[in-house]
Protein chains: 2
Amino acid sequence: MSKVKLDRQEKIGRLEAKCRERRIPMTVQRRAIFEALLDRQDHPTIDQVYEDIKDRIPGVSRTTVYRTLETFVDLGVSRKTSHVAAMARFDGNVEHHHHLVCVRCDKLVDFDDPALSRLPLPDARRTGFEIKDFSVYLEGLCPDCKKFAPKARGANRPRKKLI
Amino acid sequence: MSKVKLDRQEKIGRLEAKCRERRIPMTVQRRAIFEALLDRQDHPTIDQVYEDIKDRIPGVSRTTVYRTLETFVDLGVSRKTSHVAAMARFDGNVEHHHHLVCVRCDKLVDFDDPALSRLPLPDARRTGFEIKDFSVYLEGLCPDCKKFAPKARGANRPRKKLI
DNA sequence: CTCCGTGCAAAAGGTTTGCACTGGT
DNA sequence: ACCAGTGCAAACCTTTTGCACGGAG
């Protein structure tokens, strides 16, 4: 069995463990959605995941995909990725700069650091991409969110409002 | 006059120059929206910009804010920032990793690079943030977009479909 | 004077919510 | 058997589009 397969099984096992730990049921929908995530090498949208599973789970609804993926993020087995997308945000600063992002409330602020900016561009030739620039996203807790229980996970987490 | 004020004037001048160069009118709406962008230290949403200007420009519509900010990005005087937001995307990979993002079609793929990951966390104490992790976004052209005229700006640019 | 930009309203996505029912544990 | 998860439909919110008018060059 290949390394990749083993990795896949291990991740599924981690999901099952987390579900048991949190006393939440491991439904066929959750398993299928998680496997669909693992089987893609890109960062699918809700709709892409839905397309991937709707044949295996006839009658499944998009709503379930929304809720399930949100659950996975809470469980720590999946991530939401930063992406230029709907609910656009704009920045008048076009100079090279970096960002601080709060993992709890999603606040985003600019961060200038000459040391970071001196970072040499890595060799990405094997990917076929032609890299022009880069920016670093520093992830952590903003001053406001540090005040609240920083270990809060899922529960007592404020409804994300995209501050 | 302070350094900041000078910077502000300089940026407004750059916008005026770009508008003249591209033969597009410099309307009161465009000026107000650009000033609103410059006056904020964060990354406002469309709606936040709208709230900022609606008193100064009575009767202005959200539609104008949408179109104007898009114009600014084309002119190169503003940027759209990557942000965890609506049109969610998910990643089954929770390990530390980086991203390649195509500035033309917004394609996003994972990129692993041990050298990048050894980067020491910068000192962000002055910001009040408590940094836990970071990830690097490498910006450039994906293999597909490299094929098309890479210098295309605005014109002949495909409608963004969030591939 | 000529266009392009703007405002309005409607349409087009994407996401969230309430409720009754089903299915894991 | 119990309670959380699911499916459906409607509500909600953000973004896009078509059209007629008005203002910048």
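The sequence lines fix the lettering, A, B, ..., with proteins before strands; numbering per chain opens at 1. Please read these numbers as outputs of a predicted model, since none were measured by experiment.
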Whole Å only: how far is the [atom1] atom of [X] from the [atom2] atom of [N]?
{"X": "L69(B)", "N": "dT15(D)", "atom1": "CG", "atom2": "C1'", "answer": "13 Å"}
{"X": "L15(B)", "N": "dA24(D)", "atom1": "CG", "atom2": "P", "answer": "15 Å"}
{"X": "E70(B)", "N": "dC4(C)", "atom1": "CD", "atom2": "P", "answer": "19 Å"}
{"X": "D47(A)", "N": "dA12(C)", "atom1": "CG", "atom2": "C1'", "answer": "14 Å"}
{"X": "M26(A)", "N": "dT6(D)", "atom1": "CE", "atom2": "P", "answer": "11 Å"}
{"X": "Y50(B)", "N": "dT14(D)", "atom1": "OH", "atom2": "C1'", "answer": "14 Å"}
{"X": "R20(B)", "N": "dC4(C)", "atom1": "CZ", "atom2": "P", "answer": "19 Å"}
{"X": "R30(B)", "N": "dG23(D)", "atom1": "CZ", "atom2": "P", "answer": "16 Å"}

*Report which part of the nucleic acid V60(A) touches: base, sugar-phosphate, or nothing (heavy-atom distance under 4.0 Å, all strands).*
sugar-phosphate
_Heavy atoms only, 4.0 Å cut-off, all strands: where does T27(B) land among base, sugar-phosphate and nothing?_
sugar-phosphate
*Compare side-chain N and O positions of R62(A) against OP1 and OP2 of dG14(C) and report whether any pair is under 4.0 Å apart.*
no
*Is the distance from OP1 or OP2 of dT15(D) to the nearest side-chain N or O of Y66(B) less than 4.0 Å?*
yes
For the residue pair [X] and [Y], establish whether any side-chain heavy-atom pair is separated by less than 4.5 Å.
{"X": "R14(A)", "Y": "K11(A)", "answer": "yes"}
{"X": "Y50(A)", "Y": "I33(A)", "answer": "no"}
{"X": "P122(A)", "Y": "F134(A)", "answer": "no"}
{"X": "L15(B)", "Y": "M26(B)", "answer": "yes"}

_Assuming nearest nucleotide by heavy-atom distance, tell me which of R23(B) and R67(B) is located more 5' along DNA chain C._
R23(B)
*Could you pick out which residue, P25(B) or Q29(A), lies toward the 5' side of DNA chain D when each is mapped onto its nearest nucleotide?*
Q29(A)
Side chain of [X] - closest among [options]:
{"X": "I24(B)", "options": "dG5(C), dT17(C), dG7(C)", "value": "dG5(C)"}
{"X": "T63(B)", "options": "dT15(D), dT6(C), dT16(D)", "value": "dT16(D)"}
{"X": "S61(B)", "options": "dC8(C), dG25(D), dT6(D)", "value": "dC8(C)"}

*Hey, can you tell me if H97(A) and H43(B) have their rings parallel, tilted or perpendicular (30° and 60° cut-offs)?*
parallel
